[in-house]
Asker: 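Encoded as structure tokens, here's the structure I'll be asking about.
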Amino acid sequence: MKCRLLLLIVLIPFFTVAQRPSETVKDKDLYGSETEWSCQDKHFGYYYINYSLPMPLIPSIENELKSGIFSAGYAYRYKIIPSLDIGAELSCVNRRSFLDKDSLLSFDPGTFYNNINTYHNSISGAAYIRINIGKSSYRNLGWFTDLGGLYSYAFNYGTNYVLKSSSLFQKAKFKKPYYLNPYNYGIFLRMGYNNLAVIFTYSLGKWITDYSAENKDYARSGLLVGIQMNLYAK
């Protein structure tokens, strides 16, 4: 929660003073030059936020409905030809995995607590290829499809334990336990239109580094599906 609040505070100035294409500098009929910064030009960048949920593809230790990833970052893309761009992005990511109650015994001291979740606050970098499908203009990205890869490192991570009952409430936190992996990498497919996109991410990194990570009882789904908002002004 603290990480999400910090992200919102940092991004508020960018929400209120959004990036605008420079049509006030040049007539729109002259747009498309290599020096201007717009949706149709060589260079363009924008802030974004997205939220993704894990998909229950396999028997998982994770409660998918409660778990998820929130991220906020900046994306840059460079136009090679009208239909093809290359791009890179940098983001701050918060992922939480709430464990299913039937799986609590897997995490010591899970026998005492009745609610356990793990958290990863990470810095993530990505590179992608963008295919521009059509209907783009100096004000709009239009239809596009991105295919890329990502890598992240968690600067803060750990496990939260919570005990809730009618007469007792107790919390405990273990920071950077040896069994959680701070590194992650994966691939993603993103399909969007202007300010809105759907993103499919598949995580290839190990969640748990302990020897028992190969045990299926520790598995969680690698596929996440989310919605992304591209924060640029039209």
Asker: Can you find a side-chain donor-acceptor pair between Ser71 and Tyr51 that sits under 3.5 Å?
Answerer: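 Ser71 vs Tyr51: no donor-acceptor pair found between side chains.
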Asker: To the nearest 0.5 Å, how far apart are CD1 in Ile131 and CE in Met191?
Answerer: 11.5 Å
Asker: Quiz question: by atom type and distance under 3.5 Å, do the side chains of Ser97 and Arg220 form a donor-acceptor pair?
Answerer: yes
Asker: Using a 6.0 Å distance limit plus a 45 degree cone around the ring axis, check whether Lys173 lies over the aromatic ring of Tyr119.
Answerer: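 Here Lys173 passes the 6.0 Å and 45° test against Tyr119.
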Asker: Is there a path of hydrophobic side-chain contacts, each under 4.5 Å between heavy atoms, that joins Leu57 and Phe98?
Answerer: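 No, Leu57 does not connect to Phe98 through the hydrophobic network.
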Asker: Are Arg130 and Glu89 close enough, and set up right, to give a salt bridge (charged side-chain N to carboxylate O under 4.0 Å, His left out), and what steps lead you there?
Answerer: CA-CA 13 Å; Arg130 171 166 297 180; Glu89 55 192 48; over 6 Å; no
Asker: Phe44 vs Tyr232 aromatic rings, parallel, tilted or perpendicular, using cut-offs 30° and 60°?
Answerer: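 Phe44 and Tyr232: perpendicular rings.
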Asker: Which word best sums up how the rings of Tyr47 and Tyr74 line up, parallel for under 30°, tilted for 30 to 60°, or perpendicular for over 60°?
Answerer: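 It falls in the perpendicular class, over 60°.
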Asker: Would Ser52 and Phe200 count as a side-chain contact (heavy atoms from CB on, under 4.5 Å) if you check the C-alpha gap in whole Å, the side-chain angles of each, and the deciding distance to 0.1 Å?
Answerer: CA-CA 8 Å; Ser52 298; Phe200 302 86; over 6 Å; no
Asker: In terms of heavy-atom contacts, does OH of Tyr202 have more than 12 from other residues, nucleotides or ligands at under 6.0 Å?
Answerer: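 No, the 6.0 Å shell around OH holds no more than 12 heavy atoms from other groups.
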Asker: Hey, is CD1 on Ile123 packed in by over 12 heavy atoms from elsewhere, all under 6.0 Å?
Answerer: yes
Asker: Could you pull out all residues at least two apart from Asn117 that satisfy side-chain hydrogen bond (donor to acceptor under 3.5 Å, both in side chains)?
Answerer: Arg96, Asn160
Asker: Who pairs with Asp85 by side-chain hydrogen bond (donor to acceptor under 3.5 Å, both in side chains), at least two apart in sequence or on another chain?
Answerer: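 Applying side-chain hydrogen bond (donor to acceptor under 3.5 Å, both in side chains) to Asp85 gives Arg77, Lys79, Asn132.
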Asker: Can you label the angle between the Tyr161 ring and the Phe174 ring as parallel, tilted or perpendicular, going by 30° and 60°?
Answerer: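 Perpendicular, since the angle between the ring planes exceeds 60°.
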Asker: Hey, mind stepping through Trp207 and Thr118 against side-chain contact (heavy atoms from CB on, under 4.5 Å) and telling me if it holds?
Answerer: CA-CA 10 Å; Trp207 174 38; Thr118 66; 3.7 Å; yes
Asker: Quick one: do Ile69 and Val93 satisfy side-chain contact (heavy atoms from CB on, under 4.5 Å)? Show the steps, please.
Answerer: CA-CA 7 Å; Ile69 292 181; Val93 180; 3.5 Å; yes
